Protein chains: 2
Amino acid sequence: MVKNIAGENTAFSNLNEGLGRVLRFGAYDAEVLERLRWMSSTLAPAIHRALQVLGGLELKPIIAQALHMGDECHNRNAAASSLLFKRLAGPLLRSGNDPTIAASLLEFMATNDHFFLNISMAACKAMLDAAHGVAGSSLVTVMARNGVEFGIRMSGTGDAWFTAPAPVVDGLFFPGYTKEDAAPDLGDSAITETAGIGGFAMAAAPAIVQFVGGTPQDALATTREMFHITLGSHRSFTLPQLNFGGSPAGIDARRVVDTGITPVINTGIAHRKAGIGQVGAGITRAPLACFIGAILSLAKQINVIPE
Amino acid sequence: MVKNIAGENTAFSNLNEGLGRVLRFGAYDAEVLERLRWMSSTLAPAIHRALQVLGGLELKPIIAQALHMGDECHNRNAAASSLLFKRLAGPLLRSGNDPTIAASLLEFMATNDHFFLNISMAACKAMLDAAHGVAGSSLVTVMARNGVEFGIRMSGTGDAWFTAPAPVVDGLFFPGYTKEDAAPDLGDSAITETAGIGGFAMAAAPAIVQFVGGTPQDALATTREMFHITLGSHRSFTLPQLNFGGSPAGIDARRVVDTGITPVINTGIAHRKAGIGQVGAGITRAPLACFIGAILSLAKQINVIPE
């Protein structure tokens with residue numbers, strides 16, 4: 001549970017299972033279910049107790065620090081997961097957990113460089129929900145995909161979704177898989193790009209190109225390109241590669257439509273058949289049609305275009 | 001203790017105390033001594049037991065990974081310390097340590113982003129000792145400073161030291177201190193630059209400029225400059241910012257003398273008076289005179305210059 005302590009809203013996430021054969025990418029065999037039961041019965045209560053000892057944990061400083069350590073906090077969370085691990089290890093031991101169980105929890109987290117991802121997503125959701133519902137605003141507050149459609153929400157258009165077919169991601173595939181195996185783009189994780197990290201902060205994570213393709217120069221160019229479609233730059237999330245300037249943040253649907261530049265997303269790739277799991281990772285773009293639909297709706301709402 | 005498992009040699013280091021008022025920067029008050037006694041009586045034996053459970057720990061992969069996470073493994077060790085922490089946490093608990101003591105050890109390590117530094121130094125020393133003693137070689141195998149003199153050793157000149165006065169480092173000072181307080185350059189840590197990391201890998205650590213001064217562009221330019229004085233690039237230590245090319249490694253004293261480009265060193269700054277400790281950090285250069293002295297000695301030895 002992630003609370004926006006400057007506001008009223010709260011966001012939620014489950015805990016990260018790892019890569020490969022995991023439920024969120026469609027795998028559901030005995031090993032997957034056993035891991036989920038262990039996470040529910042053992043991992044989650046222990047983390048809950050550790051967080052009570054800590055009195056909660058501020059997430060923005062962890063994200064900000066990780067952006068200075070080669071993460072973009074969507075597809076690369078190696079630093080953020082390590083920083084979280086360091087913060088939780090002591091409290092896990094001081095909250096009455098059995099040392100052997102604590103060791104197994106720590107070892108699970110230590111070997112999952114994506115453990116922070118779900119927490120990053122919930123943090124971004126909490127930040128963006130605070131910006132939702134401003135009359136007339138063309139700020140994008142959600143980008144999400146379900147393997148069939150890609151949808152966005154905009155601050156000034158309430159609960160309406162503006163959708164288009166989800167693209168297939170052309171990325172780097174795990175051994176034995178190709179683009180033929182890929183499901184169309186899938187998942188909630190594009191909330192990170194919506195908040196100005198993930199693909200928008202790719203300049204901070206040159207090593208991610210080994211996971212999603214391209215060169216470190218491409219990573220820097222991608223971040224720079226995103227400034228053309230954002231309302232500004234982030235005050236807390238700064239990128240060393242931009243000489244410590246803020247990450248491009250706050251997607252303006254009008255600027256997307258005006259420039260034709262669509263938001264970049266670093267993402268995992270699921271197999272198109274249920275039961276297999278993640279098969280790769282890559283870079284994709286949000287479909288332009290979503291933003292055109294959103295701006296047309298906003299224009300009608302404020303009577304720029306008659307109904 | 002760091003063993004070169006491809007050879008015969010072994011290197012040693014104490015464990016890192018942290019920054020500020022610490023013995024290695026000249027502080028020796030009651031708090032310093034109490035911490036050292038705790039490190040000797042509690043921390044070191046517990047880590048020893050954890051390493052026995054682990055069966056040892058490979059250091060080159062940790063250094064290589066940290067170079068992809070914004071460290072240069074001399075003055076910035078945030079990622080490497082986190083990676084080490086993750087590897088040690090489970091074994092610390094599985095080796096019979098009391099959980100409350102284990103928690104205090106983990107908390108000490110979690111709050112010291114330089115914990116890996118001393119281990120990095122011993123790893124570099126083990127690598128370089130393996131290259132020492134090659135007849136006729138102008139490879140630099142040691143750079144060290146003692147607050148008065150700066151000295152180097154070269155592979156082909158045995159145990160001889162070639163020295164010059166140690167420079168005063170013009171860096172960033174902790175609040176309340178200035179260059180007037182600084183001792184001349186001091187310590188063994190330039191062994192990291194000698195091995196091709198530290199200042200030589202500064203391109204990998206853009207965020208370090210907040211600690212030692214300069215801009216991320218300077219960091220990249222520094223690494224590029226060092227290629228003019230090295231025999232090659234490192235096979236294992238690659239830098240995303242060089243498109244995953246190897247770090248400049250293997251300082252050739254002849255190239256230093258030929259080009260006048262001297263090795264760069266990222267370093268901490270000690271107060272010139274005993275008892276105070278670290279007062280800043282910055283970038284310095286090895287004195288050219290050391291390299292001229294070494295090359296003259298080698299030239300005499302191989303009869304290029306008569307005695």
Side-chain angles (χ1 to χ4, degrees), chain A residues 50 53 65-71 76 78-113 115 203-210 214-220 238-245, chain B residues 50 53 65-71 76 78-113 115 203-210 214-220 238-245:
Chain A
V53 167
Q65 197 178 345
L67 292 172
H68 289 198
M69 294 172 70
D71 281 1
R76 188 171 163 96
S81 298
S82 296
L83 296 171
L84 178 70
F85 183 91
K86 286 206 300 184
R87 295 296 302 278
L88 288 179
L92 272 172
L93 289 172
R94 292 195 187 280
S95 49
N97 291 301
D98 174 85
T100 309
I101 290 175
S104 67
L105 303 175
L106 289 170
E107 283 156 358
F108 175 78
M109 286 190 275
T111 52
N112 179 4
D113 274 350
F115 192 77
I208 201 178
V209 302
Q210 298 181 310
T215 68
Q217 289 74 17
D218 295 334
L220 181 56
T238 62
L239 310 184
Q241 292 76 4
L242 299 181
N243 212 3
F244 305 100
Chain B
V53 167
Q65 196 178 345
L67 292 171
H68 289 200
M69 295 172 69
D71 282 1
R76 187 169 164 98
S81 298
S82 297
L83 295 172
L84 178 70
F85 183 91
K86 287 207 299 183
R87 296 295 303 277
L88 288 179
L92 272 171
L93 289 171
R94 292 193 187 281
S95 49
N97 291 302
D98 173 84
T100 309
I101 290 174
S104 66
L105 303 177
L106 290 170
E107 283 155 358
F108 175 77
M109 286 191 277
T111 52
N112 178 3
D113 274 350
F115 193 76
I208 201 178
V209 302
Q210 297 181 311
T215 67
Q217 289 74 17
D218 295 334
L220 182 55
T238 63
L239 311 184
Q241 291 76 4
L242 300 181
N243 212 3
F244 305 100

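Chain letters run A, B, ... following the sequence lines, proteins first and then strands; every chain starts at 1. Just so you know, these numbers come straight off a predicted model, no measurement behind them.
Among L242(B), N243(B), T215(B), the residue with the largest count of heavy-atom pairs under 4.5 Å with chain A is N243(B). Contact count versus chain B (heavy atoms, under 4.5 Å) is highest, among P216(A), A102(A), S104(A), for P216(A). For the set G90(A), A219(A), G70(A), the entry with the most heavy-atom pairs within less than 4.5 Å of chain B is G90(A).
For T238(A), no part lies under 4.5 angstrom from a heavy atom of chain B. Only the side chain of R76(B) has a heavy atom closer than 4.5 Å to any heavy atom of chain A.
The two atoms that bring A207(B) and F244(A) nearest to each other are CA-CZ, 3.9 Å, heavy atoms only.
The ring-ring contact (aromatic ring centres under 6.0 Å, His included) search around F115(A) returns none, not counting sequence neighbours.
Residue R87(A) holds its CZ atom at 10.5 Å from CD of E107(B), rounded to the nearest 0.5 Å. Taking CD of Q217(B) as the start and CD of Q241(A) as the end, the distance is 10.0 Å to the nearest 0.5 Å.
Contact residues of residues 92-99 of chain B toward chain A are L93(B), R94(B), P99(B) (heavy-atom distance under 4.5 Å).
Considering T111(A), D113(A), L106(A) in turn, D113(A) is the only one that fulfils the side-chain contact (heavy atoms from CB on, under 4.5 Å) rule with K86(B).
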